[in-house]
Amino acid sequence: MDVTAIIEPLNAMQRQAVTAPAQSMLILAGAGSGKTRVLVHRIAWLIQAESVSPHTILAVTFTNKAAAEMRGRIEALLAISTRSMWIGTFHGLAHRLLRRHAKDAGLPDTFQVIDSDDQYRLIKRLLKTMNLDEAKWPPRQVQWFINAQKDEGIRARHMLESDDLYHRQMLLLYRAYEALCQRSGLVDFAELLLRAHELLRDNAEILDFYQQRFQHVHVDEFQDTNTIQYAWLRLITAGKDNLFIVGDDDQSIYGWRGAKVENLYSFQKHYPNHQVVRLEQNYRSTGNILHAANAIISHNEARMGKELWTDSGAGELISVYAAFNEQDEAYFVIERIRQWVNDGNIRQDAAILYRSNAQSRQFEEKLIAAGIPYRVYGGLRFFERAEIKNALAYLRLIANHHDDGSFERIINVPARGIGARTFAEVRQKAQQDNISLWQAATGLIADKKLSARAANALQSFLQLIDRLATASDTLELYEQVSAVIEGSGLLALYQQEKSEKAEMRVENLEELVNAARLYDPESDENHAKLDMFLAHAALESGDAQSDDYEDCVQLMTLHAAKGLEFKLVFLVGLEEGLFPTQQSAEDISRLEEERRLCYVGMTRAMQQLFVTYAESRRLYGRETYPRSSRCLREIPAEYIQEVRMRAKISHPLTAASRNGSAVAMEGGLKLGQLVSHVKFGEGVVLQKEGEGAQERVQVNFTNAGVKWLMLAYAKLEQI
DNA sequence: CTGACGAACTTTTTT
DNA sequence: AGTTCGTCAG
């Protein structure tokens with residue numbers, strides 16, 4: 001068997017990991033050390049060299065994207081189909097298990113998966129029916145509490161009564177929420193994992209079957225696993241020594257949603273025969289970037305220890321730019337990107353990374369003004385858009401008349417004369433008789449408890465759903481979707497609205513039909529197909545929009561950037577309060593997570609890294625004067641070059657011009673100097689950079705705003 | 001039932 | 001500042 005293609009491209013450590021005998025392995029893989037490659041090649045090696053049947057392989061990731069990439073790369077490497085392998089996300093695999101064994105898991109065959117938005121609405125509705133004040137028990141907090149318990153594998157019945165009022169109330173709500181979900185056949189994301197775990201734990205035969213089947217279990221990004229995910233892995237691999245995990249404790253950035261880095265330590269205890277391989281050679285970044293990143297992460301106490309190295313050169317220094325304000329920060333970044341593109345690079349290789357989504361705005365504005373195409377990652381995803389959610393709600397109600405969430409969502413969308421008053425009666429009836437909204441509505445009509453007008457409106461709504469449901473028995477999935485968006489009046493609703501937004505919505509609805517056409521579940525029963533499609537919509541919210549592949553500058557949060565790399569990276573907004581965030585300032589463990597986040601951000605850069613912060617920033621409509629981030633101050637000076645001489649005044653503009661204490665610079669012009677320009681009029685020099693022909697100054701013109709000017713061409717006059 | 005206005009809230013996010 | 005959500009008046 002020829003395995004050179006599998007081994008050839010690997011370095012010594014990677015090779016050691018890939019060709020290790022079948023046993024538990026811990027691959028501590030630093031940023032840019034080829035972690036996915038090791039995983040892919042390991043699986044290929046098992047199949048090719050060890051004659052392992054693909055059927056016995058399980059590989060778990062966190063995102064659909066990672067799963068798809070792994071599949072693709074294995075297929076490319078081996079030229080075989082990966083169909084028989086279980087490769088997927090924790091949630092996707094759990095869902096698969098639950099569909100197969102719904103009965104044993106205590107779920108109806110037609111159970112529906114709800115996303116966090118659905119969950120939020122459900123909780124809100126629950127609070128209302130329980131007559132609880134939202135202001136006192138914020139739905140977000142309730143949601144967070146419930147999910148946190150589930151992530152730890154804790155059911156409401158496991159929890160002890162407490163004297164604490166808050167805790168007691170939460171427990172009460174958790175119980176009620178569980179009952180409601182069970183009654184309506186709804187499964188949230190955390191529930192998928194918890195159920196799948198309980199299914200295996202409590203059904204010896206089923207567990208035995210999967211333990212037999214999965215002889216080789218692989219996990220990507222293991223540092224991001226939470227308690228229940230790890231417990232599930234332990235069940236699957238119990239009694240065997242076959243868990244192959246890849247992770248990096250330094251890149252654990254999801255602690256806030258239940259991820260436990262400690263699982264790495266637990267693994268070492270639970271799988272004592274495991275072998276550790278450290279991948280420390282970095283193939284991505286230059287020496288300076290890498291050393292600086294190492295220096296920052298070394299401030300963390302809790303680490304397994306790892307030091308990245310590279311045999312590529314030191315490269316350029318990290319450029320640090322102290323911007324005057326957030327506007328100036330954006331100008332600076334865009335200016336650099338323009339230069340970068342002028343130098344013959346492509347925009348796609350440049351990324352702007354920020355801590356919070358709100359920061360993207362000013363960069364977007366400046367990019368638009370400069371006419372530079374860009375793409376923001378992580379906005380609203382396809383299946384999360386309101387119009388799509390509405391269409392899906394119709395489909396869900398068709399699949400299950402007793403889905404109260406969907407019922408409520410669309411009962412009057414588009415408006416069909418069923419107002420709050422009528423709906424309140426339906427809800428009250430449902431609550432009183434402990435039946436679904438659908439049943440309550442039917443009952444109210446039968447008992448003639450409503451005004452003629454309300455009864456008519458309600459009746460025609462119920463008939464509409466029934467009609468669509470009957471039609472769907474014979475239609476293909478996509479025809480059904482099409483029938484629903486037309487028959488429901490959703491399409492017409494958006495079509496008559498003459499705005500650009502509405503046009504988008506129409507397009508999206510059409511795209512939904514297309515998505516249904518392309519969706520190919522492994523089932524031939526129409527009802528099952530619809531259920532699968534709805535679960536698919538919840539589980540795979542769909543990447544933003546993959547429409548145009550134009551060469552774009554990339555904008556995203558640091559979290560979204562994990563796993564990616566760019567030649568040119570701008571790490572912006574490195575200020576106390578923003579990054580690290582205000583909320584993490586008091587807590588050491590959270591500060592360490594912020595530091596890891598910074599580490600992740602820096603190690604995205606291949607060639608050049610710019611770090612910026614603003615000395616003054618408008619935040620929540622208020623002017624703030626933040627200190628530079630401690631993360632920034634932890635970078636040793638030897639790896640840094642400051643892009644400009646920083647004036648020792650917080651407002652160079654006003655302070656300097658008023659008292660005349662301008663800071664002297666070479667080249668004649670001074671910071672704070674008043675100048676005049678033929679076109680732009682009078683202004684104040686804010687800063688300067690570059691030398692000789694490249695020398696440039698930034699001037700704040702009274703009438704024309706802030707501008708960068710080439711000194712050689714600008715012909716500025718001192719006043 | 002719809003539209004308008006005002007209050008409250010603003011980390012990170014995948015599934 | 002900007003958005004979202006809920007209440008209020010028409």
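All heavy atoms count here, side chains included; hydrogens, waters and symmetry mates do not.
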- prompt: With A:Phe189, which residues qualify under ring pair (Phe, Tyr, Trp, His ring centres under 6.0 Å), at least two apart?
  reply: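 Once residues adjacent in sequence are excluded, the partners of A:Phe189 under the ring pair (Phe, Tyr, Trp, His ring centres under 6.0 Å) criterion are A:His91.
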- request: Decide yes or no for A:Cys181 and A:Glu191: does some side-chain heavy atom of the first lie under 4.5 Å from some side-chain heavy atom of the second?
  value: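 Not touching, per the 4.5 Å side-chain cut-off.
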Short side-chain N/O contact from [X] to OP1 or OP2 of [N], under 4.0 Å:
| X | N | result |
| --- | --- | --- |
| A:Arg140 | B:dC9 | no |
| A:Asn226 | B:dT15 | no |
| A:Asn64 | B:dT15 | yes |
| A:Thr581 | B:dT12 | no |
| A:Asn357 | B:dT10 | no |

- request: Decide, applying a 5.5 Å centre-distance limit and a 30° plane-angle limit (both strict), whether A:Tyr254 stacks on B:dT14.
  value: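 Ring-base stacking flag not set for A:Tyr254 and B:dT14.
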message: Please determine whether any donor N or O and acceptor N or O are separated by less than 3.5 Å between the side chain of A:Arg257 and the base of B:dT12.
response: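 Between B:dT12 and A:Arg257, which were checked side chain against base, a qualifying N/O pair under 3.5 Å is absent.
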- prompt: Is any side-chain N or O of A:Arg355 under 3.5 Å from a base N or O of B:dT12, one able to act as donor and the other as acceptor?
  reply: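 Yes.
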- prompt: In chain order, what residues pass the side chain to side chain donor-acceptor pair (under 3.5 Å) check against A:Ser451, with sequence neighbours excluded?
  reply: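 Side chain to side chain donor-acceptor pair (under 3.5 Å) check on A:Ser451 returns nothing, list empty.
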P atoms of C:dC5 and B:dT12, separation to the nearest Å: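 Between the two P atoms, the distance is 16 Å.
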- request: Among B:dT13, B:dT15, B:dT14, find the nucleotide with the atom closest to the side chain of A:Arg381.
  value: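 Output: B:dT14.
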- prompt: If you check every side-chain atom of A:Asn412, which of B:dT2, B:dT12, B:dT15 has the closest atom?
  reply: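 Selected nucleotide: B:dT2.
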- request: Give the first and the last nucleotide of DNA chain C, reading 5' to 3', that has any atom under 4.0 Å from a heavy atom of chain A.
  value: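 First-to-last contact on DNA chain C, by the 4.0 Å heavy-atom rule, is C:dA1 to C:dG6.
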Look at all strands and tell whether [X] reaches a base, only sugar-phosphate, or nothing, counting heavy atoms closer than 4.0 Å.
| X | result |
| --- | --- |
| A:Ser584 | nothing |
| A:Lys562 | nothing |
| A:Leu578 | nothing |

